[in-house]
Amino acid sequence: MNTLNQTAPREIEPAYWGGIFAMTLCVFVLIASEFMPVSLLTPVARDLGITEGLAGQGIAISGALAVLTSLTISTLAGNMNRKYLLLGMTALMAISGIIIAMSSSYQVYMAGRALIGIAIGGFWSLSAATAIRLVPQHQVSRALAIFNGGNALATVVAAPLGSYLGATIGWRGSFWCLVPVAVVAFIWQCFSLPGMDGNKKPSSRGSVFRLFSRPVISMGMLACGLFFMGQFALFTYVRPFLETVTRVNTSGLSLILLAMGAAGFVGTLIVSTLLDARFYPTLMTIPMLMAAIAIILILTGQSVLVVALLLGLWGMLATAAPTGWWTWIARTLPEDAEAGGGLMVAVIQLSIALGSTAGGVVFDHLGWQSVFAMSGVLLLSAAILTFFTSRIKATTL
């Protein structure tokens, strides 16, 4: 088996697209596993004899373990072959599904959710570094867009698919259905991924927080964090906005949310071309347009057609944006992408939590208009800091 060396010249590297697509299937199962409980909380709670609030903590614990894993996996894995590390994360995902499907108590259920959190944090942390080593440099953004396409597709189908399967074969059957797909992803990766050496540089095995000593990383991570805070401050409360302000019925709500997801999938298909053509302008334009959408929604919130169109555009931009930030990691830290990826996962997860929490407080006390305005300010701030990041990058070249 050939082992890829991190220092091999990019122009002579083969492109392992089979490995990219195998990892994309794994991303799909990971995200579906993470968010499927959203539509299954009631039957899970009833079957395990707990409240829906406690059942919902299964999502919180997976997020917490994802952050912890992302911050430590690069150091703990050391020189381990990254192919076997990725296979281990995939196996952990399958085991998690089995444990959850067979759980007889709340504690066992939470243990299964903790395992999926570890798999999510580990897998996403390695994604940018793996893309760098599987395809030539000029195709990294396309590979990351394909990864994010699996993410987008799972985000669209996870909740409705979970709800449908839960109604037909029960919530345990819903999780059982993910296990064979995880096994297929495992086998596919066995054959399609090359061997990949672990970190050999001592500097690459230190704490991920050392990266904050570089101004471009500090500024870029802050810009990324503000983006996700702004996105989820608004997106978390789209449903109550649509129900109480736009006054759509249940079918209309489902159609708008489905349209957002479908538009997001389209966004992942075209964003890599834009990033390759004009990287930082694209990264700045996305939050600027989303900030404009947030403000326009305040003015046109009662028009179903306008809201549906604006939220469709929002979905396209918001789902495409992570590809841009993962590409930024790959370009800014090509020799230290594992540590950078781990830090990125932690920043994104914490920013989502902060954004949704702050949005909830503002929503309850000041109303939805203030939430949308706050989202617009955060997104505009992200665009400004992205500009400063580009200036720092330019002066260090």
Side-chain angles (χ1 to χ4, degrees), residues 1-8 10 13-27 29-30 33 62 64-99 111 114-135 140 143-144 147 150 182-211 326 329-330 333-346 349:
M1 180 183 296
N2 294 326
T3 300
L4 293 183
N5 190 300
Q6 283 179 302
T7 60
R10 290 291 174 262
E13 283 188 1
Y16 293 90
W17 288 107
I20 294 293
F21 286 108
M23 289 180 65
T24 301
L25 177 61
C26 196
V27 167
V29 183
L30 275 172
S33 299
S62 64
L65 266 294
V67 170
L68 182 61
T69 304
S70 69
L71 293 174
T72 57
I73 189 168
S74 182
T75 301
L76 294 177
N79 293 331
M80 182 179 182
N81 189 313
R82 272 21 184 186
K83 174 178 180 176
Y84 301 130
L85 187 57
L86 288 167
L87 289 174
M89 293 295 135
T90 309
L92 201 63
M93 174 175 63
I95 293 169
S96 166
I98 294 172
I99 291 175
L115 290 181
I116 197 64
I118 294 172
I120 291 167
F123 204 91
W124 274 117
S125 298
L126 297 169
S127 62
T130 303
I132 290 173
R133 302 170 73 175
L134 291 182
V135 299
V140 168
L144 291 170
F147 286 164
V183 172
V184 170
F186 180 90
I187 296 172
W188 193 358
Q189 288 176 108
C190 281
F191 290 101
S192 61
L193 289 177
M196 293 174 283
D197 291 337
N199 291 329
K200 291 187 175 359
K201 294 181 179 179
S203 61
S204 297
R205 297 200 294 267
S207 168
V208 298
F209 296 110
R210 64 187 158 75
L211 297 176
W326 282 110
I329 282 290
L333 295 168
E335 302 300 327
D336 210 0
E338 282 188 10
L343 192 58
M344 177 72 79
V345 171
Q349 292 282 347

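Sorted by first and then second residue, the side chain to side chain donor-acceptor pair (under 3.5 Å) pairs with a member in residues 182-195 read Thr90-Gln189; sequence neighbours excluded.
Rounded to the nearest 0.5 angstrom, Met89 CE and Ile120 CD1 are separated by 11.5 Å. To the nearest 0.5 Å, the span separating CG on Asn81 from CG on Leu87 amounts to 9.0 Å. Interatomic distance, CG of Leu144 versus CD1 of Ile329, reported as 10.5 Å (0.5 Å rounding). Interatomic distance, CG of Leu86 versus CE of Met80, reported as 9.0 Å (0.5 Å rounding). Between atom CE of residue Met196 and atom CG of residue Leu134 there is a gap of 5.5 Å, rounded to the nearest 0.5 Å.
Using modelled atom types, one side-chain atom of Ser70 and one backbone atom of Val67 make a donor-acceptor pair closer than 3.5 Å. Between the side chain of Ser33 and the backbone N or O of Val29, at least one donor-acceptor pair lies under 3.5 Å.
The shortest non-hydrogen separation linking Ala66 to Gln349 is CB-NE2, 4.4 Å. In plain terms, the two heavy atoms of Ala143 and Val135 that are nearest each other are CB-CG2, 4.0 Å. When all heavy atoms are compared, the tightest approach of Cys26 to Phe123 is SG-CE1, 3.4 Å. Heavy-atom minimum distance, Leu30 versus Ala119: CD2-CB, 3.8 Å. Ala131 and Phe147 get closest at one heavy-atom pair: CB-CE1, 4.2 Å. The shortest non-hydrogen separation linking Ala346 to Leu71 is CB-CD2, 3.6 Å.
Between Leu193 and Arg82, the closest side-chain pair of non-hydrogen atoms is not below 4.5 Å. In this structure, Val27 and Trp124 have side chains that are in contact, with non-hydrogen atoms separated by less than 4.5 Å. Within the 4.5 Å cutoff, the side chain of Asp336 has heavy atoms near those of the Arg210 side chain.
Listed by chain and residue number, Ile95, Val108, Leu115 satisfy the side-chain contact (heavy atoms from CB on, under 4.5 Å) test with Ile99 (two or more places apart in sequence, or in another chain).
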